[in-house]
Amino acid sequence: TNPHRISRSLLTYVGAGFTCHAVARAKADARPREGINPSPTRFTGRVVFANPGEITDENSKEVVMIQYTRKEVIRRLKKKLAKGSAIVAAGAGTGISARFEEEGGADLILVFNSGLYRMHGLGSLSGWMAYGNANDVSLELGEKHILPIVKEAPVICSVNGTDPTKVMEVFLWKIGEAGFSGINNFPTIGMIDGTFRTALEETGMSYDKEVEMIAIAHEMDFFTTAYVFNPEEARKMAKAGCDCILAHMGLTIGGAIGAK
């Protein structure tokens with residue numbers, strides 16, 4: 001009855017007997033997917049993850065959530081642009097935020113570690129501080145609070161590409177298994193300048209690490225978005241295969257917790 005869990009990976013913790021039963025049924029009932037999610041998409045008769053093309057009037061009520069491939073996300077966004085409409089990407093720090101954003105027509109739901117801190121009444125720069133591992137926070141926030149709520153909009157996970165505690169290929173696989181459809185580089189070194197930025201670049205915690213992470217995510221068939229702060233960073237991200245280049249305009253301002 002836990003409303004915070006939908007991930008296939010949870011089955012590995014339940015017990016060997018149940019796990020084997022669920023995987024056996026899934027293999028018999030579902031075809032493999034391409035790209036980030038080649039694992040079966042059904043467990044014990046219930047659709048957990050589904051390609052949009054697999055959804056019919058008969059099974060639509062059984063769908064827990066939709067996980068999209070890179071091409072599927074791009075197709076959705078181009079369809080929106082063809083209508084002359086703007087693409088809206090909304091950050092969610094709680095399940096209720098995600099629910100209302102989706103109901104309001106958001107095209108993408110983004111999960112940031114800063115989203116958690118914002119919901120605690122703190123400023124966005126909390127996400128850059130050593131208050132918790134940014135990647136662990138984003139994954140847990142998405143897996144427990146956002147993914148179980150969002151029904152159709154692609155959900156994007158923000159990843160700290162400079163994190164030395166992660167084997168990035170393995171971590172990105174976990175993100176795919178959780179149900180995310182895309183990757184964003186956040187928190188990003190691009191927000192830092194001056195002596196501190198120079199020291200980070202010289203000691204291996206560089207923006208190029210974020211470029212490498214986006215390149216890996218692209219190869220794994222994630223839809224990718226990237227914050228850039230100058231033309232050179234934009235060129236690097238484009239060369240890495242990034243699908244959506246985001247010109248970062250600086251810290252959130254105004255409101256109760258924004259900058260002045």
Side-chain angles (χ1 to χ4, degrees), residues 3-7 47-55 57 59-124 126-127 137-159 175 178-187 222-227 243-259:
H4 301 306
R5 294 294 187 183
I6 59 172
S7 170
V47 181
V48 179
F49 300 87
N51 284 315
E54 295 177 335
I55 301 174
D57 291 339
N59 69 12
S60 60
K61 292 183 179 180
E62 298 177 356
V63 174
V64 176
M65 66 167 294
I66 304 173
Q67 184 180 32
Y68 298 88
T69 65
R70 171 179 172 268
K71 289 182 179 179
E72 289 163 353
V73 176
I74 293 173
R75 188 181 301 116
R76 284 172 58 91
L77 298 182
K78 285 186 174 181
K79 184 177 179 180
K80 182 76 176 289
L81 290 174
K83 296 178 180 179
S85 301
I87 293 173
V88 177
T94 63
I96 194 67
S97 298
R99 173 172 291 176
F100 290 145
E101 287 165 359
E102 184 170 41
E103 289 182 2
D107 301 293
L108 302 170
I109 305 292
L110 279 71
V111 178
F112 304 98
N113 70 317
S114 283
L116 178 69
Y117 299 122
R118 290 170 186 162
M119 294 301 101
H120 289 175
L122 304 172
S124 296
S126 300
V137 170
S138 293
L139 178 58
E140 183 176 16
L141 177 61
E143 194 171 31
K144 288 186 176 182
H145 302 284
I146 310 302
L147 290 166
I149 299 300
V150 176
K151 299 302 181 185
E152 184 176 353
V155 182
I156 312 301
C157 185
S158 293
V159 175
I175 290 173
F180 289 96
S181 298
I183 299 296
N184 171 239
N185 64 323
F186 186 93
F222 283 103
F223 173 77
T224 52
T225 71
Y227 287 126
D243 299 301
C244 180
I245 303 296
L246 305 171
H248 200 293
M249 306 306 291
L251 179 63
T252 304
I253 63 173
I257 59 174

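From a predicted model like this one, the values you see are computed outputs, not experimental measurements.
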Visitor: Measuring from Thr69:OG1 to Ile74:CD1, what's the distance to the nearest 0.5 Å?
Guide: 8.5 Å
Visitor: May I have all residue pairs that pass salt bridge (charged side-chain N to carboxylate O under 4.0 Å, His left out) and include part of residues 250-259, sequence neighbours excluded?
Guide: none
Visitor: Can you tell me how far apart CD (Glu103) and NZ (Lys151) are? Round to the nearest 0.5 Å.
Guide: 11.5 Å
Visitor: Going by heavy atoms in the side chains, are Pro154 and Leu108 under 4.5 Å from each other?
Guide: yes
Visitor: Is a donor on one side and an acceptor on the other found under 3.5 Å between the side chain of Ser138 and the backbone of Asn113?
Guide: yes
Visitor: To check you understand the geometry: which heavy-atom pair defines the closest contact between Ser181 and Val73, and what is its length?
Guide: CB-CG2, 4.3 Å
Visitor: So, taking the atom named CZ in Arg76 and the one named CD1 in Ile87, what distance separates them when rounded to the nearest 0.5 Å?
Guide: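 Rounded to the nearest 0.5 Å, the CZ-CD1 separation comes out at 11.0 Å.
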Visitor: Not counting sequence neighbours, which residues clear side-chain contact (heavy atoms from CB on, under 4.5 Å) with Ile245? List them please.
Guide: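 If we apply the side-chain contact (heavy atoms from CB on, under 4.5 Å) test to Ile245, skipping adjacent residues, the hits are Val228, Ala234, Met237, Cys242.
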Visitor: Indicate the atoms forming the closest heavy-atom contact of Glu102 with Ile109, along with that distance.
Guide: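 Residues Glu102 and Ile109, closest heavy atoms: N-CD1, 4.3 Å.
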Visitor: Using every non-hydrogen atom in the two residues, find where Phe222 and Asp243 come nearest and quote the distance to one decimal.
Guide: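 Scanning both residues, the minimum pair turns out to be O-OD2, 3.9 Å.
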Visitor: Does Thr94 have any side chain to side chain donor-acceptor pair (under 3.5 Å) partners at least two apart in sequence or in another chain, and if so, which?
Guide: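 Counting only residues at least two positions away or on another chain, Thr94 forms a side chain to side chain donor-acceptor pair (under 3.5 Å) with Ser97.
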Visitor: With ring-ring contact (aromatic ring centres under 6.0 Å, His included) as the rule and sequence neighbours excluded, what pairs involving residues 96-115 come up?
Guide: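 Qualifying pairs, neighbours excluded: Phe112-Phe186.
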Visitor: Look at the side chain of Thr224 and the backbone N and O of Ile183, then say whether any donor-acceptor pair between them is shorter than 3.5 Å.
Guide: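 Answer holds: no.
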Visitor: Can you see which heavy atom on Tyr68 is nearest to which on Ala153, and at what distance?
Guide: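 That would be CE1-C, 4.2 Å.
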Visitor: What closest approach, in Å, do Ala178 and Leu147 show between heavy atoms, and which atom pair accounts for it?
Guide: O-CD1, 3.4 Å
Visitor: From Leu110 CG over to Ile146 CD1, what is the distance, rounded to the nearest 0.5 angstrom?
Guide: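 It comes to 11.0 Å.
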Visitor: Restricting to side chain to side chain donor-acceptor pair (under 3.5 Å), what partner residues turn up for Glu140, sequence neighbours left out?
Guide: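 Partners of Glu140 by the side chain to side chain donor-acceptor pair (under 3.5 Å) criterion, ordered by chain and then number, come out as Lys144.
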Visitor: Which pairs pass side-chain hydrogen bond (donor to acceptor under 3.5 Å, both in side chains) with one or both residues in residues 79-88, sequence neighbours excluded?
Guide: Lys80-Asp107
Visitor: Among all residues two or more places apart in sequence or in another chain, which pass the side chain to side chain donor-acceptor pair (under 3.5 Å) test with Thr225?
Guide: Asn184
Visitor: Do you know the tightest heavy-atom contact between Leu116 and Leu141?
Guide: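 Of all heavy-atom pairs spanning Leu116 and Leu141, the closest is N-CD2, 4.1 Å.
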